[in-house]
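Everything below concerns the one structure shown next.
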Amino acid sequence: MPLNAVVEKEFLDSVRSSSLLGLTALFVLFAGFLAAIQWVPNLTDTDSASTSTLALLNSMKQPTVVFVPMIALGIGYDVIAGERENGSLKLMLGLPNSRRDVVFGKFLGRTAVVGVAILVSYVTVGIIALLTYDSFDATMFGLYTLLTICYGAVYIAISIGVSAGTRSRARALGGVVAIYSLIMLLWDALLYGLQLVVYGPEPPAGGLPAWVQLVGLLNPSTAFMFAARAVIPEYYELTVYPESDAFYLQDWVGFVVLGLWAVVPLALGYWRFETTDYTG
């Protein structure tokens with residue numbers, strides 16, 4: 001089964017190169033710090049810091065949104081473009097592997113690498129929280145862990161799509177850096193620019209209309225927050241996005257947006273890879 005073989009090879013290569021171990025250790029340190037920070041009292045308050053599951057998710061929210069994409073894009077951007085440069089892609093396609101097997105096999109393999117790293121680190125943090133926090137909701141934390149793995153898979157799909165659709169490692173790196181910058185740095189600026197053009201410096205008295213909010217929801221980091229609210233009702237306390245009657249601004253739409261961000265780049269990268277000679 002060529003697809004299974006590519007997935008297995010991709011995962012085992014990560015194990016042999018110690019990249020899985022390094023990535024897992026990095027995630028453990030990252031999540032462990034976020035768990036430990038709950039014990040640091042707020043200097044503006046005489047009470048000690050809250051040690052609850054929701055407080056833990058609050059400390060993990062922004063770093064997860066920023067850090068997980070950075071890691072996922074970093075470990076996926078060169079898996080195809082890099083192999084084209086060093087010539088190993090020609091060997092792989094010379095075996096009974098189709099280009100579809102290569103693209104989707106590498107996506108599944110790298111997703112498994114990120115998923116294992118996140119799972120091990122979050123389980124470690126969950127055990128620490130269970131033993132030391134005032135209260136710990138294992139179901140809530142488990143759902144958040146699964147959502148984080150899905151969030152990482154979205155960015156693996158983006159990076160594999162870019163890698164499959166470019167001719168060199170440098171171009172692939174430039175592509176993922178541009179995408180990361182757009183999502184994390186430029187999206188809010190574009191939204192504010194849209195507001196300036198349509199409404200001026202002050203938003204309408206009743207708030208921005210639903211269609212403008214939809215543009216914000218199309219950002220995968222915002223979609224992750226909506227998806228979290230869909231399965232963890234308590235997550236509403238950690239977000240500032242207003243509720244809306246518009247069907248396209250309901251929390252479940254976050255899953256749709258994340259799905260589109262995974263499927264579209266991967267499909268475009270596969271199409272480009274399938275129709276272009278990248279082996280010579």
What I'd like to find out is whether the side chain of [X] reaches to under 4.5 Å of the side chain of [Y], using heavy atoms alone.
X    : Y    : result
M140 : Y235 : no
I127 : V123 : yes
F104 : L266 : yes
Y180 : V177 : no
L218 : W187 : yes
L147 : Y151 : no
T166 : R272 : no
V212 : Q195 : no

For [Y], is there any backbone N or O sitting under 3.5 Å from a side-chain donor or acceptor partner on [X]?
X    : Y    : answer
W271 : G165 : no
N58  : A55  : no
S163 : I80  : yes
E85  : R169 : yes

Which atoms form the tightest heavy-atom contact between [X] and [Y], and what is the distance?
X    : Y    : answer
F226 : Q250 : CD2-O, 4.0 Å
G105 : V7   : O-CG2, 3.5 Å
N219 : W261 : C-NE1, 4.5 Å

Mind checking whether L185 and L196 sit in one hydrophobic cluster, side chains of I, L, V, M, F, W, Y counted as touching below 4.5 Å?
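No, because L185 and L196 fall into different hydrophobic clusters, even though each may have its own neighbours under 4.5 Å.
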Classify the ring geometry between Y144 and F224 as parallel (under 30°), tilted (30 to 60°) or perpendicular (over 60°).
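If you compare the ring of Y144 with that of F224, the planes turn out perpendicular.
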Hey, what do you get for [atom1] ([X]) to [atom2] ([Y]), rounding to the nearest 0.5 Å?
X    : Y    : atom1 : atom2 : value
L54  : K61  : CG    : NZ    : 9.5 Å
L119 : L146 : CG    : CG    : 8.0 Å
T53  : M60  : OG1   : CE    : 11.0 Å

By the salt bridge (charged side-chain N to carboxylate O under 4.0 Å, His left out) test, which pairs, at least two apart or in different chains, include something from residues 248-271?
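As it turns out, the salt bridge (charged side-chain N to carboxylate O under 4.0 Å, His left out) pairs with a partner in residues 248-271, which skip direct neighbours, are R229-D251.
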Does CH2 in W211 sit with more than 12 non-hydrogen atoms of other residues, nucleotides or ligands closer than 6.0 Å?
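Enclosed.
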Please list all pairs passing the ring-ring contact (aromatic ring centres under 6.0 Å, His included) test where one or both residues lie in residues 59-82, with sequence neighbours left out.
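Checked against ring-ring contact (aromatic ring centres under 6.0 Å, His included) - neighbours excluded - the pairs reaching residues 59-82 are F27-F67, F30-F67.
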Does the pair M225 and L238 meet the rule for a side chain to side chain contact (heavy atoms under 4.5 Å, CB included), with working shown?
CA-CA 9 Å; M225 300 292 185; L238 309 181; over 6 Å; no
